[in-house]
Amino acid sequence: MKTININTTHGYDVVISGNLLDKAGDYIRKSVGGSKAALISDDIVYPLYGQQVEESLAAAGYSVIKYIIPNGENSKNIFNYISILNFLSENHMSRSDTAVALGGGVVGDLAGFAASTYLRGIHLIQMPTTLLAAVDSSVGGKTAINLDSGKNLAGTFSQPDLVLCDYSVFATLTQNTYRDGCAEIIKYGVISDKELFYKLYSPINNQLEAVISACISIKRDIVCNDEHDNGLRQILNFGHTIGHAVELCSNYKISHGSAVATGMAIIAGAGAALNICSEGCRDEIIDLLKQYKLPVKTIFSADELYNAALSDKKRTGDSINLIFPTEIGKCVIKKTSLDRFKEIIRIGTVGTIGTEGVS
Ligand code: GLY
């Protein structure tokens with residue numbers, strides 16, 4: 001078991017361990033107290049783990065209500081957001097009460113947005129059940145829903161009160177969902193931890209606690225330095241600008257991790273062509289992605305990706321911040337004009353248009 005303290009304006013612990021679900025109630029009571037807990041989950045996760053968490057909450061003295069959304073990115077919408085707000089209100093949840101997000105990134109982002117805006121903020125506990133949510137979205141306080149024009153376009157910065165990461169639940173993930181998390185882990189290696197990157201040549205599942213802890217420690221250092229995403233934090237979005245465009249172009253049929261893998265491959269390709277990184281660095285990134293059977297090619301054209309990427313939050317006026325690797329374990333943020341960005345997508349997608357690894 002490892003506990004990592006995130007020392008943001010509202011500090012909190014991330015507990016990383018196997019077999020945590022039964023202890024959730026006790027952890028939550030110690031962290032936030034209160035009398036009511038709203039468990040927010042999805043229709044795949046709840047049947048597997050919901051009852052265990054409910055029983056743990058009840059044993060710790062909570063009266064529990066639950067709200068279950070359909071699994072999948074398309075649930076991260078304004079209608080579910082409003083429904084959750086109404087649900088919290090109809091159940092007379094007060095500011096001393098707690099929302100418990102049990103699920104992957106969709107559940108965490110949506111529940112987080114609802115919890116941070118209902119009554120101007122109630123307590124929130126993140127209980128990530130996917131590898132991707134464990135290493136990224138459950139930590140750092142970004143909450144969001146998608147709008148028609150793009151991903152995560154409405155949301156808040158609002159840190160949770162506690163993150164309970166029980167990695168024993170990853171045993172029931174599908175291979176594709178597990179791989180999504182691997183893409184985010186590879187991202188951490190590329191942007192800031194060479195040692196982590198090379199560790200990933202050995203299977204992640206034999207070193208889960210160490211790998212998750214390494215990722216969360218990197219995220220802690222970045223988020224504590226730039227909680228509101230004005231500078232350094234943008235490096236966490238390596239591969240994401242084009243990744244979000246791939247997701248949007250596919251109407252979210254391509255998962256976040258797969259899309260980010262393609263985005264990383266495209267940006268690494270452009271980086272090598274522009275001498276920002278070596279061809280060797282590009283090849284190592286692409287080889288590791290392929291080792292995890294992540295897609296490094298896209299069926300979408302450079303024009304389609306460019307148009308979809310225009311709603312990216314790292315865009316300011318006529319420019320956009322792009323994150324390039326400079327070597328394994330290091331990266332740079334480059335402010336780029338939109339014209340140049342279009343060109344960079346074209347350069348990066350040369351040789352990546354196709355279906356290899358596209359699932
Ligand atoms: N997922 C990127 C961030 O939290 O900033």
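When a ligand or atom number is given, it counts from 1 through the structure's own listing order. Below, all heavy atoms of this structure are taken into account, side chains as well, without hydrogens, waters or symmetry copies.
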- Query: What residues come within 4.0 Å of ligand 1, counting heavy atoms only?
  - Reply: D136, K142, K219, R233, L236
- Message: Test salt bridge (Lys or Arg N to Asp or Glu O under 4.0 Å) on E343 and R340; report intermediate values, then the result.
- Response: CA-CA 5 Å; E343 187 54 23; R340 182 83 178 130; 5.7 Å; no
- Message: Under the rule for side-chain contact (heavy atoms from CB on, under 4.5 Å), what residues qualify as partners of N152, not counting sequence neighbours?
- Response: K76, D109, A144, N146, H244, K313
- Note on the structure: The residue among V107, V53, V45, T172 that forms side chain to side chain contact (heavy atoms under 4.5 Å, CB included) with T129 is V45
- Within 6.0 angstrom of Y201 OH, more than 12 heavy atoms from elsewhere: yes
- Polar side chain donor-acceptor pair, Y62 to T98, under 3.5 angstrom: no
- Task: Going by the side-chain hydrogen bond (donor to acceptor under 3.5 Å, both in side chains) test, name the single residue among K253, K151, H240 that passes it with E247.
- Result: K151
